[in-house]
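One structure is given below, encoded as structure tokens.
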Amino acid sequence: MDALVTPRLVLHPLTPAEAQHIVEGRPWPGARWAPDYPNDGDRAGAGHFLEHCAATGNPQPFGAYEIRLREDGQAIGGAGFHGVPDERGQVTIGYGLTPAMRGKGYASEALRALLTFARGEGVASVKGDADLGNTASQYVMAAAGMRFVGEDDRLRHYRIDWPAGRADAYADGSGDCPGGRSDVAGADTAVEPGPSPQVPAARHPSCADAPGRTAFPRRRFPRP
């Protein structure tokens, strides 16, 4: 599948093979990693992606992405969805950057690209959360148009909802990866599809034969 390209970033959809390399902290041939990448969060995210592959198949394009600098291809963090939309058309997002790359607006740029993509795919709602003390991540979600919806003893929760969108495309099986402009807050450019390089088959036994993209359930999402 294609990468998501923004003015400064490329969000590369991970394959199971690449995720296995990230878990092991071992770059694949041709990979360009920042000195402090992957960190514990990146390895955990790649591990969850592999677990999802093993349990229900490869969720891409609603899976894990590696955040790369567009100018040199260096990987600086990760972002993505926690799986395909549920029966209500809702997905959960997550993201993180290496410490040296924080405070430059890259997290906001990556999140807006994910929201652009999700809305174009007919997703009805996207949710995310951040630790109570992580004000920087809370700001990123708020700046991207996600609204605060509540908190518990550990997390603050955010969500964005959209009208009909392209939900019917899933009901008839015609959905595909779009480009196009976003209506999320602060978006000022199209998300362009880009090439997605591959690596050899995954060593993870339950994901080795997972396809690059699975068929989506033929269901009609309710309108918020």
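These numbers come from the heavy atoms of this one structure, side chains and all, not from hydrogens, waters or symmetry mates. Since this is a predicted model, take the numbers as computed values, not measurements.
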* Asked: When rounded to the nearest 0.5 angstrom, what distance separates CG in L69 from NZ in K104?
  -> 9.5 Å
* Would you call E24 and R43 a side-chain contact if the rule is heavy atoms closer than 4.5 Å? -> no
* Counting N and O atoms only, with roles assigned by atom type, does the side chain of Q60 sit under 3.5 Å from a partner on the main chain of A64, one being a donor and the other an acceptor? -> yes
* Structure fact -> Value for NE2 (H48) from SG (C53), rounded to nearest 0.5 Å, stands at 13.0 Å
* **Note: E66-R68 ion pair, threshold 4.0 Å (strictly below)** => yes
* Between D152 and H157, a side-chain donor and acceptor under 3.5 Å -> yes
* Asked: Atom CZ of R112 and atom CG of L9: how far apart are they, to the nearest 0.5 Å?
  -> 11.5 Å
* Asked: Of the non-hydrogen atoms in Q138 and L132, which two are nearest, and what is the gap between them?
  -> NE2-O, 3.0 Å
* Heavy-atom count around H82 NE2 within 6.0 Å, excluding the residue itself: above 12? -> yes
* **Heavy-atom pair with the smallest gap, counting every atom of G94 and L114** => O-CD1, 4.5 Å
* Test item: R70 side-chain N/O and V5 main-chain N/O as donor-acceptor pair under 3.5 Å -> no
* Plane angle bin for W33 and W28 - parallel if under 30°, tilted between 30 and 60°, otherwise perpendicular -> perpendicular
* **From CZ (R156) to CE (M141), nearest 0.5 Å** => 9.0 Å
* Least distance between heavy atoms, T6 atom then A113 atom -> CG2-CB, 3.6 Å
* Just do the side chain to side chain contact (heavy atoms under 4.5 Å, CB included) check on V126 and R119 with the steps written out, would you? => CA-CA 9 Å; V126 178; R119 184 171 191 183; over 6 Å; no
* To do: Check the surroundings of atom CZ in F148: do more than 12 heavy atoms from other residues, nucleotides or ligands lie under 6.0 Å from it?
  => yes
* **Donor-acceptor under 3.5 Å (N39 side chain, G41 main chain)** => yes
* Structure fact -> Minimal heavy-atom distance between Y65 and L11, with the atoms involved, is CD2-O, 3.5 Å
* Mind checking the OG1-CG spacing from T98 to D36? Nearest 0.5 Å is all I need. => 4.0 Å
* Asked: Does the E18 side chain pair with the main chain of T15, one donor and one acceptor, at a distance under 3.5 Å?
  -> yes
* Nearest atoms (heavy-atom pairs only) where I160 meets G145 -> CD1-O, 3.7 Å
* **Distance-only polar pair, side chains of Q74 and R32, donor-acceptor under 3.5 Å** => no
* Asked: Is the shortest distance from a Lys or Arg side-chain nitrogen in R8 or E109 to a carboxylate oxygen in the other one below 4.0 Å?
  -> yes
* To do: Report yes if the side chains of Y37 and I76 come closer than 4.5 Å at any heavy-atom pair, otherwise no.
  => no
* Hey, quick one: are Y95 and L155 part of the same hydrophobic cluster, counting side-chain heavy atoms closer than 4.5 Å, chains of contacts allowed? -> no
* **Check against salt bridge (Lys or Arg N to Asp or Glu O under 4.0 Å), D129 and K127** => CA-CA 7 Å; D129 56 58; K127 61 181 181 177; over 6 Å; no
* To do: Report yes if some heavy atom in the side chain of V91 is under 4.5 Å from a heavy atom in the side chain of V84; otherwise report no.
  => no
* Nearest non-hydrogen partners of A144 and L111, listed with the distance -> CB-CD2, 3.7 Å
* **Flag side-chain contact, heavy atom, 4.5 Å: S125 against R159** => yes
* Asked: Got a second to check how far F117's CZ is from L4's CG, nearest 0.5 Å?
  -> 6.5 Å
* Verify side chain to side chain contact (heavy atoms under 4.5 Å, CB included) between F81 and T92, making sure each step is shown before the conclusion. => CA-CA 6 Å; F81 305 97; T92 301; over 6 Å; no
* To do: Cation-pi check, R147 to Y158: give yes when NZ or CZ is under 6.0 Å from the six-membered ring centre and within 45° of the ring axis, no otherwise.
  => no
* Asked: Salt bridge or not for R88 and D86, using N-O below 4.0 Å?
  -> yes
* Please check if the side chain of N134 supplies one atom and the backbone of S137 the other of a donor-acceptor pair under 3.5 Å. => yes
